[in-house]
Structures are given as structure tokens and as C-alpha cells.
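Throughout, numbering of the chain's residues begins at 1 and tracks the sequence.
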Amino acid sequence: MKLNLLSCDAQRPDRRAIAKCIAEISSSMDEPLSNELTDILLEGDAVAIAVEDRNSASALRALRKLSIDYEIVE
């Protein structure tokens, strides 16, 4: 499943928690790339990631918990 992470609506977003979440839910991403994508997301640009279908429900739950708006592409 592909997701577009659109924005983070948290009042004080936790960069470390967001980067860790992105690294854990994406199918093939390392920590430095997830840190870079977190910076891009928090600057206001959308980020595309791929999530394995078996992890999709927990991935979406984790994103909602971090106040990250997303859209399902595929």
C-alpha cells in the first residue's frame, strides 16, 4: 500500500517519534532517510512512502496517534 503523508497537525511535533514511526512502518527505509523525510514533512511538503499490506492497520493507527494527515494512494 502506498501512502502520501500530507502534514502533521500536532502542536509540538516530536521529530524523533515521527522518524522512528516512518522507519518502522515503511517497507524498505533506513533511519537517515526517515529523518530526512520527517524534516520534509514538518516543513509542509507531502512525503510518499510504501507500507506492507500486513502492517497497514497498525501503520495508519500510528500515524493518527502522531497527528499526521495522510491519504491512501494504492
Side-chain angles (χ1 to χ4, degrees):
M1 173 171 65
K2 293 184 181 181
L3 297 175
N4 280 338
L5 306 182
L6 304 173
S7 64
C8 181
D9 295 335
Q11 189 173 17
R12 295 178 55 188
D14 185 351
R15 288 181 183 268
R16 217 172 347 163
I18 294 170
K20 183 178 177 184
C21 178
I22 291 173
E24 288 177 357
I25 67 173
S26 65
S27 42
S28 60
M29 189 175 304
D30 58 358
E31 190 174 328
L33 181 56
S34 68
N35 286 329
E36 185 177 331
L37 292 178
T38 299
D39 291 339
I40 292 170
L41 177 66
L42 293 179
E43 288 174 1
D45 295 327
V47 174
I49 62 171
V51 178
E52 293 181 20
D53 287 335
R54 61 183 173 89
N55 295 335
S56 61
S58 60
L60 297 177
R61 192 175 322 113
L63 292 172
R64 285 191 301 268
K65 185 176 180 182
L66 292 169
S67 300
I68 297 175
D69 290 331
Y70 59 87
E71 69 178 357
I72 300 172
V73 177
E74 185 178 298

task: Could you please spell out the steps behind the side-chain hydrogen bond (donor to acceptor under 3.5 Å, both in side chains) verdict for Asp9 and Ser67?
output: CA-CA 5 Å; Asp9 295 335; Ser67 300; over 6 Å; no

- request: Output all residues satisfying side chain to side chain donor-acceptor pair (under 3.5 Å) with Asn4, sequence neighbours left out; order by chain, then residue number.
  value: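 If we apply the side chain to side chain donor-acceptor pair (under 3.5 Å) test to Asn4, skipping adjacent residues, the hits are Glu71.
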
- request: Could you list the residues that satisfy side chain to side chain donor-acceptor pair (under 3.5 Å) with Arg61, not counting sequence neighbours?
  value: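 So Arg61 forms no side chain to side chain donor-acceptor pair (under 3.5 Å) with any residue.
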
- prompt: Which residues satisfy the salt bridge (charged side-chain N to carboxylate O under 4.0 Å, His left out) test with Arg16, sequence neighbours excluded?
  reply: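 Partners of Arg16 by the salt bridge (charged side-chain N to carboxylate O under 4.0 Å, His left out) criterion come out as none, since no residue qualifies.
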
query: Taking only residues two or more places apart in sequence or in another chain, which ones pass side-chain contact (heavy atoms from CB on, under 4.5 Å) with Ala50?
result: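 Here the qualifying residues are Ser27.
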
message: Under the rule for side-chain contact (heavy atoms from CB on, under 4.5 Å), what residues qualify as partners of Lys2, not counting sequence neighbours?
response: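 Only Val73, Glu74 meet the side-chain contact (heavy atoms from CB on, under 4.5 Å) criterion with Lys2.
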
Qualifying side chain to side chain donor-acceptor pair (under 3.5 Å) pairs with a residue from residues 30-46, counting only residues at least two apart or across chains: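 Pairs touching residues 30-46 that pass the test: Arg15-Asp39.
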
task: Please go through Leu3's hydrophobic cluster and name the other residues, only I, L, V, M, F, W, Y counting, with side-chain heavy atoms under 4.5 Å joining them.
output: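 ILVMFWY cluster around Leu3 also holds Met1, Leu5, Ile18, Ile22, Ile25, Met29, Leu33, Leu37, Ile40, Leu41, Leu42, Val47, Ile49, Val51, Leu60, Leu63, Leu66, Ile68, Tyr70, Ile72.
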
